[in-house]
Protein chains: 2
Amino acid sequence: MVTRRRTDGTRPAAADSAPEAVGEAAGGEAETGSGPLASVLRPVRAGNGFEETLEQVLQLLRLGLVPPGGRLPAERELSQHLGVSRVTLREVLKVLQDQGMVESRRGRYGGTFVLPRAGAADGSDELRRRVAAVDLEDTLRFREVLETGAAGLCADGLPAEGEGRLRAALEATQGARLEDYRRQDTLLHLTLAELSGSTSLAAGYASVRATLNELLDCIPLLVRNLEHSQQQHAAVVEAVLDRDAEAAREMMREHCGGTAALLRGFLA
Amino acid sequence: MVTRRRTDGTRPAAADSAPEAVGEAAGGEAETGSGPLASVLRPVRAGNGFEETLEQVLQLLRLGLVPPGGRLPAERELSQHLGVSRVTLREVLKVLQDQGMVESRRGRYGGTFVLPRAGAADGSDELRRRVAAVDLEDTLRFREVLETGAAGLCADGLPAEGEGRLRAALEATQGARLEDYRRQDTLLHLTLAELSGSTSLAAGYASVRATLNELLDCIPLLVRNLEHSQQQHAAVVEAVLDRDAEAAREMMREHCGGTAALLRGFLA
DNA sequence: AAGCAATGGTTCTCTGTCATACCTTAAGCC
DNA sequence: GGCTTAAGGTATGACAGAGAACCATTGCTT
């Protein structure tokens with residue numbers, strides 16, 4: 001999907017090739033290595049504005065925050081929220097439109113609307129490539145950490161106002177039809193992450209969950225498994241409302257373990 | 001510190017002011033709200049390249065990955081790792097040089113060297129302002145989640161090769177002089193995060209730890225507390241090497257709780 | 001002493017993005 | 001029917017940043 005940009009080859013290697021050269025003096029130890037440094041030296045502004053914006057908007061769709069048939073925020077508004085110019089955002093929307101993922105309508109009450117998933121007829125190949133690029137272990141582990149963390153934090157310090165939202169989100173998953181299940185499931189977990197009281201956690205979860213959903217789209221949705229998930233959801237929410245952090249974490253860990261096993265089985 | 005850039009006023013509000021307008025059709029529910037959307041609609045490319053790069057390089061220093069007296073990677077190399085042009089990186093280094101935080105030497109075996117902390121004589125005021133802008137609860141909670149998660153993951157699946165690194169990092173903290181303690185402590189935790197097997201976790205931890213260190217620089221270093229930390233470090237590492245995930249998580253949670261209480265007490 | 005190599009220092013050009021203004025379309029309202 | 005309004009569609013000038021080439025400095029090697 002989406003060739004465009006990154007005009008030619010991916011960032012020419014330019015000159016340089018010095019092997020390593022960090023922390024050699026004073027403090028010593030030369031803990032150089034591709035070790036700790038690698039955690040920090042990740043690229044600022046990976047890719048260009050266009051690519052990053054595309055990533056964000058795709059995340060919006062993958063998380064189901066805007067359901068099929070739903071309308072995205074107006075271009076002027078969305079571009080502002082994303083901190084990007086309207087021109088750049090429009091380039092992204094143009095691509096999504098060409099891909100048949102969204103549709104733009106002009107005039108008052110117009111806007112950009114999400115189209116139902118188009119069977120991924122030709123997207124299948126693209127999907128495989130994308131998924132191959134994902135670090136499965138990283139995704140699954142990080143997800144488990146954030147989920148259990150969120151569950152624990154919620155159990156510890158959920159504001160009374162949050163109880164209603166949580167219950168509502170749980171009920172929505174229980175009443176969901178099959179084709180809407182993933183979306184409601186995502187929203188439930190996202191709600192939990194938000195209620196954790198850490199915006200960093202919520203942002204991190206949104207990102208990892210978008211990746212996860214992409215992976216989940218590659219494997220069958222097993223009704224058997226789904227029912228099990230439902231029970232676990234209920235148990236987690238119950239533990240949170242009981243303010244039993246340990247139980248909430250444990251249930252969530254189990255819940256994540258299930259998905260992880262499924263994905264490892266099908267994709268590894 | 002570092003005015004520069006963002007040429008005039010911060011991103012003019014432009015037009016728009018539409019209240020909300022998401023997910024109104026089909027799937028319905030209109031879960032619009034500043035709720036879930038807010039997690040995803042965070043700005044792509046916050047600020048400009050200069051600011052983001054400055055942030056990254058400061059993180060490098062705050063984490064102590066390059067110790068005082070140590071040399072940063074060569075400009076050509078560092079700029080490449082950061083995905084930023086050498087010119088932009090140089091603007092950042094120029095600022096840090098003006099602030100007396102680093103020093104550049106030319107010629108072969110030259111480079112950019114980290115100077116010992118200059119007492120923060122006039123930096124104090126700047127420090128207060130920065131710290132005021134930090135979301136303390138977010139930082140502490142997110143930190144606890146990542147740390148306990150990392151400890152648990154390490155206990156579950158630490159490769160044999162990692163045991164040595166972990167032991168070495170622990171010993172380094174125990175042998176550290178007072179002024180080097182924070183740095184070694186950071187490196188120990190960073191090692192644990194890296195060994196978790198999730199690069200996302202490691203990256204997230206590096207970021208949150210840089211913020212944490214900034215906060216810690218505002219409060220006194222209590223020897224009493226430090227000794228306690230040392231015992232907890234040993235206990236966590238022991239639990240990890242024993243492959244006892246539950247114990248590792250519990251000890252780590254306690255460890256984080258201590259720092260959190262300290263910071264909440266001094267700063268809240 | 002001369003040459004080499006690795007580093008910081010400087011300059012130029014070209015492209016992506018931003019900001020802004022304006023045009024067009026379509027639904028509701030008077 | 002015509003006006004208003006809220007959306008998408010288009011055009012343009014200014015600037016930040018990337019990329020590349022080149023200069024200057026230093027220490028090691030021969």
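Sequence lines set the chain letters: A, B, ... in the order given, protein chains first and strands last, and positions in each chain run from 1. The structure displayed is predicted, hence computed values, not measured ones.
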I need the CZ-P distance between B:R105 and C:dG9, as an integer number of Å.
12 Å
Here the distance between atom P of C:dT17 and atom CG of A:L54, to the nearest Å, is 12 Å
Strictly by modelled atom types, are A:T199 and B:D135 linked by a side-chain donor-acceptor pair under 3.5 Å?
no
Expressed in angstrom and rounded to an integer, what is the separation of A:F113 atom CZ from D:dG8 atom C1'?
11 Å
OP1 or OP2 of C:dG16 sitting under 4.0 Å from any side-chain N/O of A:T88?
no
Shortest non-hydrogen contact between A:A210 and A:L63, atoms and distance:
N-CD2, 3.6 Å
CD of A:E51 versus C1' of C:dT17: gap in Å, rounded?
14 Å
Donor-acceptor pair, side chain of A:R182 and main chain of A:L216, under 3.5 angstrom
yes
Rounded to the nearest Å, what distance is computed from the CD atom of residue A:E103 to the C1' atom of nucleotide D:dA7?
14 Å
Give a yes/no answer on whether the side chain of B:R90 brings an N or O atom under 4.0 Å of OP1 or OP2 in C:dG9.
yes
Stepwise side-chain contact (heavy atoms from CB on, under 4.5 Å) test for B:L41 and A:L78
CA-CA 8 Å; B:L41 288 187; A:L78 189 52; 3.5 Å; yes
Give a yes/no answer on whether the side chain of B:T112 brings an N or O atom under 4.0 Å of OP1 or OP2 in C:dT7.
no
By the 4.0 Å heavy-atom rule, please label B:R86 as base, sugar-phosphate, or nothing.
base
Please state how far atom CZ in B:F50 lies from atom C1' in D:dA16, giving the value in whole angstrom units.
13 Å
Is any side-chain N or O of B:S85 closer than 4.0 Å to OP1 or OP2 of D:dA18?
yes
Just the table, please: protein N/O against nucleotides 26-30 of chain C N/O, every pair under 3.5 Å.
unit_1: C:dA26; atom_1: N3; unit_2: A:R108; atom_2: N; d: 3.4

Nearest whole angstrom, please: distance from the C1' of C:dT7 to the CG of B:L89.
13 Å
Residues in side chain to side chain donor-acceptor pair (under 3.5 Å) with B:D98, at least two apart?
B:K94
Can you name the residues that form a salt bridge (charged side-chain N to carboxylate O under 4.0 Å, His left out) with A:E137, not counting sequence neighbours?
A:R141, A:R264
Can you figure out which of C:dT7, C:dT10, D:dA7 approaches the side chain of B:A74 most closely?
C:dT7
Closest to the B:V87 side chain: D:dG9, D:dG19, C:dT17?
D:dG19
Whole Å only: how far is the CZ atom of A:R76 from the C1' atom of C:dT24?
11 Å
Using modelled atom types only, decide if a donor and an acceptor are shared between the side chain of A:R183 and the backbone of A:G64 within a distance under 3.5 Å.
yes
